Visitor: 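Once you've had a glance at the structure underneath, I'll fire off some questions.
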Amino acid sequence: MTNAQQINDNKLKQIVEASLFAEYFSSVMYPCITEHITGELKEKYDIVISNYSEFLRIWNAIMSHRSTSLLDKTVNIFTTNIDNLVETAAEKLKLEFNDGFHGHLHPIFREDSFNNVLTKISPIYQNLAQIPIFNYIKIHGSINWIESTIESGYLTYDRPLDLIRKIQDYLKKVPEGHLISKIAPLETIDSLKEKAENIAQGDDYVLPKEITEFMDTYKELVMIHPRKTKFKESVIDSHFYELMRRFSNALEQTNAILFVSGFSFADEHIAKITMRAANTNPTLQIIVFAYTDEKVMEIENNLSLAGSAINHNIQIMSPQLYYEAQDEKTREILDKQCFRTIQKIKMDEDGKTKSKQLVTFQPFSLKVLNNVVFNKLRAIVE
């Protein structure tokens with residue numbers, strides 16, 4: 001998105017930007033309309049919901065066993081995801097879940113709701129007890145956030161995803177051949193520009209009004225778009241600024257712990273906030289779960305761009321590093337769970353056949369983290 005802004009020709013820039021937004025919308029946003037999820041996609045959807053559900057169950061159990069009254073039983077989940085899958089999992093489990101919205105007929109988003117704690121009173125002895133609650137803080141916005149038409153400056157909840165459906169209707173009206181199709185994940189801006197030039201051949205080319213209508217409707221979404229200017233957008237919008245501030249404040253709390261999964265800190269603004277907190281709060285502990293061993297260097301590089309760590313309170317844990325840090329008994333359990341597998345392979349070297357062992361580890365998907373890390377924590381507190 002950032003490089004598309006650097007294209008000088010306005011028509012080419014519009015084609016490339018619209019094509020990128022269309023690709024992102026079709027692959028990430030529109031599939032969240034559940035009635036369109038069928039077949040193989042439905043199987044994947046159910047697996048994701050199951051993994052999120054297990055994650056929430058585990059942490060609900062962990063927080064339920066927190067006995068001290070000095071600390072509340074709140075779990076803050078910060079995410080850059082814009083889908084509604086975690087909300088779906090929480091609703092199925094009927095957990096106490098706070099997404100920041102107040103009201104039923106016309107929900108309004110209020111950041112101060114994340115300050116709330118939840119208590120229940122025993123009907124017989126009138127004992128007061130806190131119960132676990134999840135604050136789900138979507139710092140980049142969400143597909144189901146829209147500006148309120150009733151209260152100016154406020155956000156409301158688009159439960160049926162009407163705006164997503166509206167955007168899809170406009171996208172379907174774009175004449176065939178006027179957007180770049182099948183954009184590869186690592187496709188360069190030069191390649192996209194060349195494809196846009198093939199579309200906009202001739203000085204008399206006119207951008208179809210349907211593309212403009214699609215873009216105008218798309219921009220009604222309340223979210224931060226994936227480009228470097230997004231922090232300027234978030235500072236301008238008080239809601240996003242407040243959510244980033246809450247992330248920073250959460251990291252400044254004494255003895256706070258941050259578990260990071262599925263995030264490489266490629267977002268430079270979040271990386272800077274995290275690194276600053278790690279350096280100013282020596283009691284903060286940050287554990288980053290790298291998906292594979294190969295991802296460790298990428299995470300290290302991204303964090304290093306945000307500054308140098310001085311308190312040694314950031315640990316980047318790959319599957320192999322996690323395994324090696326365990327005692328012998330735990331390693332045996334992990335081996336039984338097939339977290340580590342050993343294969344004997346034969347290789348020809350200098351005309352001789354030699355046997356070698358190939359050791360592999362399961363990537364740190366959420367399912368694996370639930371099984372081998374978070375469930376272990378639950379067992380400790382129980």
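Predicted model only: the values in this text are computed from it and were never measured.
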Visitor: Within the structure provided, determine whether Ile183 and Tyr24 are in side-chain contact (heavy-atom separation under 4.5 Å).
Guide: no
Visitor: His178 versus Tyr205: any side-chain heavy-atom pair under 4.5 Å?
Guide: yes
Visitor: For residues Leu207 and Lys11, determine if any side-chain heavy atom of one lies less than 4.5 Å from a side-chain heavy atom of the other.
Guide: no
Visitor: If hydrophobic clusters are built by linking Ile, Leu, Val, Met, Phe, Trp and Tyr wherever their side-chain heavy atoms come under 4.5 Å apart, do Val288 and Ile77 end up in the same one?
Guide: no
Visitor: Just by distance, with hydrogens left out, do Ser142 and Asn144 show a side-chain donor and acceptor under 3.5 Å apart?
Guide: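 Side-chain D/A pair, Ser142 to Asn144: present.
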Visitor: Looking only at the side chains, is there a donor atom on one of Thr360 and Gln343 sitting less than 3.5 Å from an acceptor on the other?
Guide: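 No donor-acceptor contact under 3.5 Å links the two side chains.
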Visitor: Do Val75 and Leu56 make a side-chain contact, defined as non-hydrogen atoms from C-beta onward lying under 4.5 Å apart?
Guide: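 Val75 vs Leu56: side chains apart.
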Visitor: Of all the heavy-atom pairs spanning Leu192 and Leu20, show the shortest one and how long it is.
Guide: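 In terms of heavy atoms, the two residues are closest at CD1-CD2, 3.9 Å.
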Visitor: Is a side-chain donor or acceptor of Asp293 paired with a backbone partner of Ser318 at a separation under 3.5 angstrom?
Guide: no
Visitor: Is NZ or CZ of Lys42 both nearer than 6.0 Å to the six-membered ring centre of Tyr45 and within 45° of the ring axis?
Guide: no
Visitor: Would you mind writing out the side-chain donor-acceptor pairs for residues 47-55 within the sub-3.5 Å range, not counting sequence neighbours?
Guide:
unit_1 : atom_1 : unit_2 : atom_2 : d
Asn51  : ND2    : Ile47  : O      : 3.3
Ser53  : OG     : Ile49  : O      : 2.8
Glu54  : OE1    : Arg57  : NE     : 3.3
Glu54  : OE1    : Arg57  : NH2    : 3.2

Visitor: Would one find more than 12 heavy atoms of other residues, nucleotides or ligands at under 6.0 Å from atom NZ of Lys195?
Guide: yes
Visitor: Please step through side-chain contact (heavy atoms from CB on, under 4.5 Å) for the pair Ser248 and Arg276, ending with a clear verdict.
Guide: CA-CA 9 Å; Ser248 177; Arg276 183 173 64 244; 4.2 Å; yes
Visitor: Does this structure show an ion pair linking Glu35 with Arg165, if we count only N-O contacts that are shorter than 4.0 Å?
Guide: yes
Visitor: Counting only N and O atoms by type, is there a donor-acceptor contact under 3.5 Å from the side chain of Lys166 to the main-chain atoms of Thr217?
Guide: no
Visitor: I'd like to know if Glu242 and Arg245 make a salt bridge, using a cut-off of under 4.0 Å between side-chain N and carboxylate O.
Guide: yes
Visitor: What about the rings of Tyr291 and Phe364, do their centers lie closer together than 6.0 Å?
Guide: no
Visitor: Would a single hydrophobic cluster contain both Ile133 and Ile58, if residues Ile, Leu, Val, Met, Phe, Trp and Tyr are joined by side-chain heavy-atom contacts under 4.5 Å?
Guide: no
Visitor: What distance separates Met223 CE from Lys138 NZ, expressed to the nearest 0.5 Å?
Guide: 8.5 Å
Visitor: Quick check: are there more than 12 heavy atoms from other residues, nucleotides or ligands sitting under 6.0 Å from CD of Glu252?
Guide: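 Yes, enclosed.
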Visitor: For the residue pair Phe134 and Phe97, does the interplanar ring angle fall in the parallel (under 30°), tilted (30 to 60°) or perpendicular (over 60°) class?
Guide: tilted
Visitor: I'd like to check Met317 versus Val260 (side-chain heavy atoms, cut-off strictly below 4.5 Å). Are they in contact?
Guide: no
Visitor: What are the two closest non-hydrogen atoms of Ala196 and Ile15, and how far apart are they?
Guide: CB-CG2, 3.9 Å
Visitor: Only one of Asn370, Ile62, Asn60 passes side-chain contact (heavy atoms from CB on, under 4.5 Å) with Arg378; say which it is.
Guide: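 Considering Asn370, Ile62, Asn60, a side-chain contact (heavy atoms from CB on, under 4.5 Å) with Arg378 is found only for Ile62.
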Visitor: Any idea which heavy atoms bring Asn98 and Ser113 closest together, and the distance?
Guide: ND2-O, 3.0 Å
Visitor: Where is the tightest heavy-atom contact between Met215 and Phe21, given as atom of each residue plus distance?
Guide: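 Looks like CE-CD1, 3.2 Å.
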Visitor: Within a radius of less than 6.0 Å around CD of Glu91, do more than 12 heavy atoms belonging to other residues, nucleotides or ligands occur?
Guide: no
Visitor: Sub-3.5 Å donor-acceptor pair from the side chain of Thr341 to the main-chain atoms of Cys338, do we have one?
Guide: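 Not at all, since once roles are kept as given, no pair shorter than 3.5 Å links the two residues.
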Visitor: Does either side chain, that of Asn84 or that of Arg159, offer a donor lying less than 3.5 Å from an acceptor on the other one?
Guide: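 The answer is no; no qualifying pair exists.
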Visitor: Can you find a heavy atom in the side chain of Phe214 that is under 4.5 Å from one in the side chain of Lys173?
Guide: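 With C-beta onward as the side chain, the pair stays apart.
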Visitor: Does any non-hydrogen side-chain atom of Thr274 lie less than 4.5 Å from one of Phe247?
Guide: yes
Visitor: Looking only at non-hydrogen atoms, find the nearest pair between Ala271 and Asn302 and report the distance.
Guide: CB-O, 4.4 Å
Visitor: Kindly give the heavy-atom pair with the smallest separation between Ala290 and Ile316, and that separation in Å.
Guide: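 Nearest heavy atoms, Ala290 then Ile316: CB-CG2, 4.3 Å.
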Visitor: Hey, quick one: are Leu155 and Met244 part of the same hydrophobic cluster, counting side-chain heavy atoms closer than 4.5 Å, chains of contacts allowed?
Guide: yes
Visitor: Using a 3.5 Å distance criterion without hydrogens, assess whether the side chain of Asp83 forms a donor-acceptor pair with backbone atoms of Val28.
Guide: no
Visitor: Is Ile137 reachable from Phe101 through a run of I, L, V, M, F, W or Y residues, each pair having side-chain heavy atoms under 4.5 Å apart?
Guide: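 Linked, Phe101 and Ile137 end up in one cluster.
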Visitor: For the atom pair CD (Glu147) and OH (Tyr154), what is the distance rounded to the nearest 0.5 Å?
Guide: 13.5 Å
Visitor: Indicate whether any N or O donor in one side chain lies under 3.5 Å from an N or O acceptor in the other, for Asp327 and Thr330.
Guide: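 Yes, Thr330 and Asp327 have a side-chain donor paired with an acceptor closer than 3.5 Å.
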Visitor: Which class fits the ring pair Phe265 and Phe263: parallel under 30°, tilted 30 to 60°, perpendicular over 60°?
Guide: perpendicular
Visitor: Please lay out, stage by stage, how Glu40 and Lys44 fare under the test salt bridge (charged side-chain N to carboxylate O under 4.0 Å, His left out).
Guide: CA-CA 6 Å; Glu40 185 178 339; Lys44 293 179 180 179; 3.7 Å; yes
Visitor: Hey, does the side chain of His239 reach the backbone of Glu111 with a donor-acceptor pair shorter than 3.5 angstrom?
Guide: no
Visitor: Output yes when Glu96 and Lys73 qualify as a salt bridge under the 4.0 Å nitrogen-oxygen rule, no when they do not.
Guide: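 Result for this pair is no, no salt bridge flagged.
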Visitor: Do Phe78 and Val86 land in one hydrophobic cluster if side-chain heavy atoms of ILVMFWY residues count as linked below 4.5 Å?
Guide: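 Phe78 and Val86: separate clusters.
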Visitor: Return the orientation label for the Phe259 and Trp59 ring planes: parallel under 30°, perpendicular over 60°, tilted otherwise.
Guide: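 Tilted, since the angle between the ring planes falls between 30° and 60°.
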